Amino acid sequence: MTTNETPSQGNFIKQIINEHNRTGRYAGRVHTRFPPEPNGYLHIGHAKSICLNFGLAEEYGGKCNLRFDDTNPTKEEVEYVDSIKEDIRWLGFDWEDREFYASDYFETLYEYALKLIRDGNAFVCELTAEQIREYRGTLTESGRNSPWRDRPVEENLALFARMRDGEFPDGSHTLRAKIDMAAANLNMRDPVMYRILRAHHHRTGDRWCIYPTYDWAHGQSDSIEGITHSICTLEFEDHRPLYDWFVEKLGIHHPRQIEFARLNITYTVMSKRKLLKLVQDRIVDGWDDPRMPTISGLRRRGYTPEALRDFSDRVGVAKKESTIDVALLEHCVRLDLNAHASRVMAVLDPLKVVLTNYPEDRVEELEAINNPEDPAAGMRMVPFSRELFIEREDFMEDPPKKFFRLAPGREVRLRYGYIIKCEDVVKDKDGNILELHCSYDPGTKSGMPEANRKVKGTLHWVSAPHAVDAEVRLYEQLFAKENPDDVEAGQDFLVHLNPDSLRITRAKVEPSLAHASPATHYQFERKGYFTVDSKYGRPGSPVFNRTVTLRDTWAKINK
RNA sequence: UGGGGCGUAGCCAAGCGGUAAGGCAUCGGCCUUUGGAGCCGACAUGCGCAGGUUCGAAUCCUGCCGCCCCAGCCA
């Protein structure tokens, strides 16, 4: 789809691309890239960028590269590059053979720097970091030229070579672009291009002791790869004149940078720095903790690639800084899981029910539908017997008017089973409810004519002797505040941590779940979507993560 | 009080001079052996504010106001 017909369709990025295609700026070519720094795990904000970049390439019949912006060896690790690749693949995107690294271009970048020096557009500076800051000036006052700014070309060349050769200590010299210390845009005040840094790089090892800054490496990396549209976030908007300056001075391919607003979501934090702190302080169980907004965390939580891609489409692309309601994300998983997850019965907080008129040793196998949204999902058999577990919250001794569930003397339907009536409540001496004695109506088994009788509620249940014990992890938002960064002076986002973000329960689940395999999605009827944890749990003793609850109108009525 | 951006509903977001799409949320109703799902309906006389141009302005002009980003040898 190389839309020439409808140039004003779609988001502003597509409009720019359409205009380029109309005027032939890149000969109709669309080549994007996703450029992560391997210094942390990818989060859902990156997912938006991945979907955008790969999506645009696909839509316009172009390509999208994966390029690691690995210009700072002190923060980057292979663990991160591996996780990033896994996450992108899992999301469903393929960079084919186009896996690149900014470090692949270190030699080319060095040559480019030589050209700038020769043309009088860069110089070796001996100011310290602190002095550079002083010389830079302020937002309202222009800066001053470095005393080293007007060195002869030959001297710059010699010095730069010696920087590379390791003749100077870390931090003693830099290579700077010679632009304009009076520029209103601080990025143009002779920015640093190279710093001396003796650090082991995950790919180039100890070959280099000078490393290009991001500002120097990024635009040229895009240019080298023939990128047409360099999509990035808003904070790089004022860097664009600098990137433009570099490629113009170098006379190389000139990509068009387009900036969009990064994704924010309510009740969570998205900066890598903060996510790293949660991990390092052991507030969460690693980068893939199911409460983390990381792709690996969402995966473990039970989110699907389809849901995340759908979400990315729905949040839109614009330049307005925005915070998406987490309800939209939850809506997207529910949509996907509703269509694809098998229904099963699991009792999270068990209360025993004895059917006093049901034969002691009788066991029936009842037919249950796996997914009413998908007939192809078929049926399964669920055992039924005299002793069952139901959800404790599905019984109330003194129910309010709108309560449709079980109460003394009231009838309720057991899903796929019989209609039962509560005859007696058994309590201990402190008044705690131990179990319920109920009668069942033999003529109301699912499928029988009398089963059509109207009853207010239908409960899920598990046969006690057949029940499998399982650990179930109930998650809520990691933060209790819509905007965790909204803190008083002197506090940080951690003050808003939600103390109830994880609750672990021992549940009784139907026997078909005993050997559920990791990462399988289920709907626990009436409770929510749950996914078999891929880190904990063993065959026969599964651990389930609650992905999201079902929409609950009863809970709303109660508020 | 420098420079760069951004203001359309509770949250996102279309709209590009011809009379405010869509989604989420919310609120009603229908349906239902999941209080799920689905279906139907409601939800901006209004587009940050004030002027101006025009037969006609969210769209064009002027002036204000508000919010975000930039003074790393981080990305």
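All values below come from the heavy atoms of this structure, side chains included, with hydrogens, waters and symmetry mates left out. Protein chains get the first letters and strands the later ones, always in sequence-line order, with residue 1 at the start of each. Note that this is a predicted model, so its numbers are computed, not measured.
- Considering A:Arg256, A:Arg240, A:Arg33 in turn, A:Arg33 is the only one that fulfils the salt bridge (Lys or Arg N to Asp or Glu O under 4.0 Å) rule with A:Asp222.
- For A:Leu186, the listed nucleotide lying nearest its side chain is B:C70; candidates were B:C70, B:G72, B:C12.
- For the OP1/OP2 pair of B:C74 and a distance below 4.0 Å, the side-chain nitrogens and oxygens of A:Thr213 include no atom meeting the criterion.
- Across all strands, A:Ser142 comes closer than 4.0 Å to no nucleic acid atom at all (heavy-atom distances).
- The residue A:Val455 sits apart from the nucleic acid: no heavy atom pair falls under 4.0 Å.
- Just one of A:Leu355, A:Ile420, A:Leu351 meets the side-chain contact (heavy atoms from CB on, under 4.5 Å) condition when paired with A:Leu388; it is A:Leu355.
- Side-chain polar atoms of A:Glu76 and A:Asn39 form no donor-acceptor pair below 3.5 angstrom.
- Distances shown here put a side-chain N or O of A:Arg195 below 4.0 Å from the OP1 or OP2 atom of B:C74.
- In this entry the base of B:G23 is anti relative to its sugar, with a glycosidic angle more than 90° from 0.
- Taking atom CE on A:Met193 and atom C1' on B:G72, their separation rounds to 17 Å, with Å as the unit.
- Using P as the reference atom, B:G66 and B:C49 are 15 Å apart when rounded to the nearest Å.
- Checked against B:C73, B:U8, B:A75, the side chain of A:Lys320 finds its nearest nucleotide in B:U8.
- Distance noted for atom C1' between B:A13 and B:U8: 9 Å (whole Å).
- To the nearest angstrom, C1' of B:C11 lies 15 Å from CD of A:Glu321.
- Across every strand in view, B:A71 sits unpaired, with no contact that passes the Watson-Crick or G-U test at under 3.5 angstrom.
- Contact annotation: A:Arg240 side-chain N/O to B:C69 OP1/OP2 distance is not under 4.0 Å.
- Taking side-chain N and O atoms only, A:Arg133 has no distance below 4.0 Å to OP1 or OP2 of B:C73.
- Nearest-nucleotide mapping onto RNA chain B: of A:Glu37 and A:Asn187, the residue sitting toward the 5' end is A:Asn187.
- Close to B:G2, at under 4.0 Å from its OP1 or OP2, lies no side-chain N or O of A:Arg189.
- Here the C1' atom of nucleotide B:G3 and the NE2 atom of A:His239 are 12 Å apart, to the nearest Å.
- Base pairing of B:G28: its partner is B:C40, meeting the Watson-Crick or G-U wobble criterion (both donor-acceptor distances under 3.5 Å).
- The aromatic rings of A:Tyr214 and A:Phe236 sit tilted, their planes meeting at an angle between 30° and 60°.
- Contact check for A:Arg392 versus A:Val347: no side-chain heavy atoms found under the 4.5 Å cut-off.
- B:A57 and B:C47 have their C1' atoms separated by 11 Å, with the value rounded to a whole Å.
- Here the rule is ring-ring contact (aromatic ring centres under 6.0 Å, His included) with A:Trp461, and of A:Tyr440, A:Phe389, A:Phe384 only A:Phe384 fits it.
- The residue A:Leu197 sits apart from the nucleic acid: no heavy atom pair falls under 4.0 Å.
- Distances from the side chain of A:Gln15 to the nucleotides B:G15, B:A71, B:G4 place B:G15 closest.
- Counting non-hydrogen atoms under 4.0 angstrom, A:His460 reaches nothing in the nucleic acid.
- Remark: P of B:C11 and CD1 of A:Ile324 are 11 Å apart, rounded to the nearest angstrom.
- Here the P atom of nucleotide B:C6 and the CZ atom of A:Arg262 are 17 Å apart, to the nearest Å.
- Across the strands present, B:C6 finds its partner in B:G66; the criterion is a Watson-Crick or G-U wobble pair with both atom distances under 3.5 angstrom.
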- Encode nucleotides 25-40 of chain B as B, S and - characters from 5' to 3', where the letter depends on protein heavy atoms closer than 4.0 Å: B to the base, S only to sugar-phosphate, - to neither. SS------BBBBS---
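- Within 4.0 Å (heavy atoms only), A:Thr138 reaches at least one base atom of the nucleic acid.
- Of the inter-residue distances, the one linking A:Ser512 atom OG with A:Asn370 atom CG reads 8.0 Å to the nearest 0.5 angstrom.
- Ring geometry for A:Phe68 against A:Tyr101 counts as parallel: the plane angle stays under 30°, on a 0 to 90° scale with 60° as the upper cut.
- As judged by a 4.0 angstrom heavy-atom cut-off over every strand, A:Leu127 is placed among the base-contacting residues.
- Ring-plane geometry between A:Phe106 and A:Tyr211 is classed as perpendicular, the angle between the planes exceeding 60 degrees on a 0 to 90 degree scale with a lower cut at 30.
- Taking atom C1' on both nucleotides, B:C69 is separated from B:C64 by 22 Å, rounded to a whole Å.
- There is no side-chain donor-acceptor pair under 3.5 Å between A:Thr266 and A:Thr323.
- Residue contacts for A:Phe236: at a heavy-atom cut-off of 4.0 Å it reaches a base atom on one of the strands shown.
- Within the nucleic acid shown, A:Thr323 comes within 4.0 Å of sugar-phosphate atoms alone, with no base atom in reach, counting heavy atoms only.
- Heavy atoms of A:Asp238 sit under 4.0 angstrom from at least one base atom.
- Between A:Tyr214 atom OH and B:G72 atom P there is a gap of 18 Å when expressed in whole angstrom units.
- B:A9 and B:A20: their P atoms are spaced 16 Å apart (whole Å).
- Relative ring orientation between A:Tyr105 and A:Phe100 is described as tilted, the plane-to-plane angle lying within the 30° to 60° band.
- Between the P atom of B:C74 and the CD atom of A:Glu77 lies a distance of 17 Å, rounded to the nearest Å.
- On the C1' atoms, B:A50 is 10 Å away from B:C65, given to the nearest whole Å.
- Atom CG of A:Asp70 and atom C1' of B:C74 are 14 Å apart (whole Å).
- Between the C1' atoms of B:A58 and B:A75, the separation comes to 37 Å (whole Å).
- Comparing B:A14 with B:C73, their C1' atoms are spaced 44 Å from each other, to the whole Å.
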